[in-house]
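I have placed the structure first, in the form of structure tokens, so that the comments after it can refer back to it.
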Number of protein chains: 2
Amino acid sequence: MARTTSAGGRKGGPVTLALVAQRAGVSTQTVSNALNSPELLAPGTLKRVREALDELDYRPHRAARSLRTRSSRLIGYGVQPTPPGLSTPVSDHFLHALSDSADQAGYRILLFAALLGADDEAERYDELLREHSVDGFVLNNTYRGDKRPGWLHKKGVPFVAFGRWSAKDTGDWVDVDGAHGTAAAVDHLVAAGHRKIAFLGWPRGSGVGDDRAGGWREAMRRHHLPVRDLRVSSVDEVDAARSAVARVVGRATAVVAASDTLALGCYRALRDAGLSPGRDVAVVGFDDSPAARLLSPSLSSVRQPLDEVGRACTRILMDRIKDPAAAPERVLLAPELIVRESSSAEHRP
Amino acid sequence: MARTTSAGGRKGGPVTLALVAQRAGVSTQTVSNALNSPELLAPGTLKRVREALDELDYRPHRAARSLRTRSSRLIGYGVQPTPPGLSTPVSDHFLHALSDSADQAGYRILLFAALLGADDEAERYDELLREHSVDGFVLNNTYRGDKRPGWLHKKGVPFVAFGRWSAKDTGDWVDVDGAHGTAAAVDHLVAAGHRKIAFLGWPRGSGVGDDRAGGWREAMRRHHLPVRDLRVSSVDEVDAARSAVARVVGRATAVVAASDTLALGCYRALRDAGLSPGRDVAVVGFDDSPAARLLSPSLSSVRQPLDEVGRACTRILMDRIKDPAAAPERVLLAPELIVRESSSAEHRP
DNA sequence: CTCGTGATTTGGATCGATCTAAAATCACCT
DNA sequence: AGGTGATTTTAGATCGATCCAAATCACGAG
């Protein structure tokens with residue numbers, strides 16, 4: 001039966017194990033076993049208990065269970081404040097996939113406000129642990145020199161990182177193969193007839209940025225194409241991207257950008273130079289932000305499989321909670337190139 | 001001295017009230033009082049207990065506290081899966097502001113996967129309640145006919161809605177004054193010399209959409225300008241927006257769009273018609289999505305104060321948890337028009 | 001010097017589930 | 001019928017903090 005509306009709002013206090021036990025004519029322990037180790041019960045008893053469970057629509061009290069088992073069945077996830085104007089680093093998609101897969105494993109996500117790189121950052125994580133508020137963490141936006149993975153690892157706290165660019169190569173992670181994405185972009189552009197393909201990225205030093213640049217370089221070499229003077233950098237600002245792109249205008253017929261934001265800066269720079277993005281110069285972005293589809297011309301972009309990333313994070317974290325000492329798991333997912341107008345005009349040299 | 005790294009990882013088991021009590025030479029109850037009702041303690045005792053608390057860097061066990069007080073100090077927030085290609089309905093900004101302000105009030109955010117409008121949607125909320133997993137909810141994306149507010153209200157569950165478009169006008173909410181935003185856009189365009197200002201929105205029936213359309217209409221009337229045949233609708237798709245805009249091309253010199261996505265569709269339609277957005281026809285969007293700043297021409301847009309919305313949600317929810325029977329609070333926040341290139345060229349008729 | 005009064009402090013029960021270990025029940029064989 | 005070992009069920013303690021009510025203390029009045 002288990003009707004939300006009928007049994008759910010039933011008067012007469014909360015539905016506890018004891019109540020179910022009374023109704024089924026057994027002890028509370030037997031009810032507990034019916035839930036957690038049903039194989040221990042005689043078939044008849046199990047059936048009877050399950051009926052009572054169902055009729056009362058019993059749900060265990062999380063706090064009580066948590067107190068006894070010393071496990072909150074909650075996973076911590078720190079949300080960072082997005083600096084205004086930067087592309088949102090983590091989308092709803094990821095969070096939804098994460099919550100959804102966690103739910104299915106009986107876990108929930110606990111959000112907390114984290115200041116990335118702040119001095120008291122470890123303090124926030126530590127606090128949650130000492131309160132027994134979480135059983136583990138999902139980290140995102142790891143960066144070179146990120147101290148969180150090492151710190152958590154040392155404490156023996158289960159965690160997975162979305163991103164493989166932490167201080168040491170320690171612990172489990174899930175990441176998207178950026179190099180694979182930019183290489184796919186190059187392959188696509190070469191197939192369309194392009195030979196002079198520039199890369200617009202961030203200054204060297206960031207894991208993500210260097211990874212994406214590396215994919216471009218590898219693919220260019222593989223096609224025996226020149227990379228000299230075709231790599232330009234800018235911080236993630238339109239104006240800076242504009243001046244960076246100005247330097248390759250005339251030297252390149254296509255641009256692979258490390259982000260959609262940079263790609264937009266590129267659009268702008270091209271228009272300033274009297275060129276038409278998509279027609280005169282092909283452009284491919286990265287991240288497949290919601291705007292990419294809507295631009296004119298619509299922007300080809302490399303889409304990260306955030307759903308899969310979320311699910312993988314959950315799966316690995318569950319493994320790690322079960323067996324903290326097992327060998328770390330690493331999952332590298334391939335992104336997908338979405339071809340749109342900005343790169344689909346046939347190029348004839 | 002409450003060092004994260006020293007006392008935090010201290011061996012010898014968890015730091016409990018009993019341990020603190022032992023160290024301070026008092027009973028556990030006294031320590032508990034020191035934390036929850038310090039005015040009951042003699043000054044000397046308080047000082048001694050506080051020292052012990054500090055030296056051991058004690059943190060209460062959330063589950064234990066929660067079990068006894070019947071309050072989880074957690075707030076439920078359902079994340080919906082974004083349909084691919086639609087603008088992300090809720091940004092990191094909002095979630096960060098929400099978590100941050102909740103943290104300061106001693107609460108945390110519990111994320112769960114919710115399918116908006118699904119049959120078993122109430123079930124998800126109900127489950128969290130019967131498990132005593134949350135003390136209340138923050139709802140987002142309320143819509144006309146949304147049954148959640150009425151349902152929660154009837155059950156006496158504390159909640160705040162971000163959005164005032166629920167089934168009945170019941171419960172507390174925080175919202176952004178969309179009409180104010182579009183009216184400000186009209187005022188701005190009128191000041192720049194425009195008289196024929198079209199509105200590009202969604203089909204009638206959605207609270208948010210009608211609100212934004214209403215602001216445009218009110219402002220147009222206030223300026224004694226015609227609204228006839230200047231309101232066009234499309235679902236949130238670029239192609240549909242394109243054909244919608246085609247209908248007003250030539251009749252309008254400016255367009256106020258109900259979202260940045262629609263504004264992008266408008267950009268596209270204008271270019272198709274051989275017109276230049278920003279120069280030939282001014283465009284103003286809504287939401288100030290990350291892309292707005294980066295477009296060429298950069299898009300004027302109405303920015304929602306999501307930080308404030310998040311903080312207001314927390315504040316109101318705290319009030320409601322303290323006193324569930326008090327009169328509902330409603331907060332309507334004014335959005336801010338961000339003027340960029342798409343509407344800043346002087347218009348001379 | 002005892003008693004009353006209010007300010008402090010404490011013991012014991014409690015929240016609801018799960019653990020351990022022991023008791024009760026059962027099946028089966030001699 | 002009685003014993004044996006396995007199966008099934010149960011009693012009681014426990015996790016850590018807070019509630020309630022009772023105990024202890026300080027101190028001035030009678």
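Chain letters run A, B, ... following the sequence lines, proteins first and then strands; every chain starts at 1. All figures in this text were calculated on a predicted structure; none of them were measured in a lab.
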Original post:
Please walk me through it: do Tyr77(B) and Phe137(B) pass ring-ring contact (aromatic ring centres under 6.0 Å, His included)?
Top reply: CA-CA 6 Å; Tyr77(B) 178 87; Phe137(B) 291 97; over 10 Å; no
**OP:** Let me know the distance between CZ of Arg73(B) and C1' of dT18(D), rounded to the nearest Å.
**Re:** 13 Å
**OP:** Round to a whole Å and report the spacing from NE2 of His132(B) to P of dG16(C).
**Re:** 7 Å
Original post:
Separation of Gln22(B) atom CD from dA17(D) atom P, in whole Å?
Top reply: 14 Å
Original post:
Could you state the CG-P distance from Leu17(A) to dT18(C), rounded to the nearest angstrom?
Top reply: 6 Å
Original post:
Looking only at atom types and distance, does a side-chain atom of Ser99(B) sit under 3.5 Å from a main-chain N or O of Leu95(B), one as donor and one as acceptor?
Top reply: yes
Original post:
Is a salt bridge present between Arg124(B) and Asp103(A), judged by a nitrogen-to-oxygen distance below 4.0 Å?
Top reply: yes
**OP:** Report the residue from Arg108(A), Arg59(A), Arg65(A) that forms a side-chain hydrogen bond (donor to acceptor under 3.5 Å, both in side chains) with Glu131(B).
**Re:** Arg108(A)
Subject >> Atom-to-atom span, CG of Leu19(B) to P of dC15(D) - whole angstrom >> reply: 13 Å
**OP:** Measure from CZ on Arg70(B) to C1' on dG16(C) and round the result to the nearest Å.
**Re:** 8 Å
Nucleotide N/O of nucleotides 9-13 of chain D paired with protein N/O under 3.5 Å:
from	atom 1	to	atom 2	distance (Å)
dT9(D)	OP1	Thr45(A)	OG1	2.2
dT9(D)	OP2	Ala42(A)	N	3.2
dT10(D)	OP2	Ser27(A)	N	2.9
dT10(D)	OP2	Ser27(A)	OG	3.2
dT10(D)	OP2	Thr30(A)	OG1	2.7

Original post:
Tell me: CD of Glu131(A) to P of dA17(D), nearest whole Å?
Top reply: 11 Å
**OP:** Would you mind telling me which residue lines up with the more 5' stretch of DNA chain D, Thr69(B) or Ala64(A), judged by nearest nucleotide?
**Re:** Ala64(A)
Original post:
Taking only N and O in the side chain of Tyr58(B), is any of them less than 4.0 Å away from OP1 or OP2 of dG16(D)?
Top reply: no
Original post:
Taking atom types as modelled and ignoring hydrogens, do the side chains of Ser166(A) and Asp146(A) form a donor-acceptor contact shorter than 3.5 angstrom?
Top reply: no
Original post:
Is atom CD of Glu51(B) surrounded by more than 12 heavy atoms (other residues, nucleotides or ligands) closer than 6.0 Å?
Top reply: yes
Subject >> Interatomic distance, Leu67(A) CG vs dT14(D) C1' [rounded to whole Å] >> reply: 9 Å
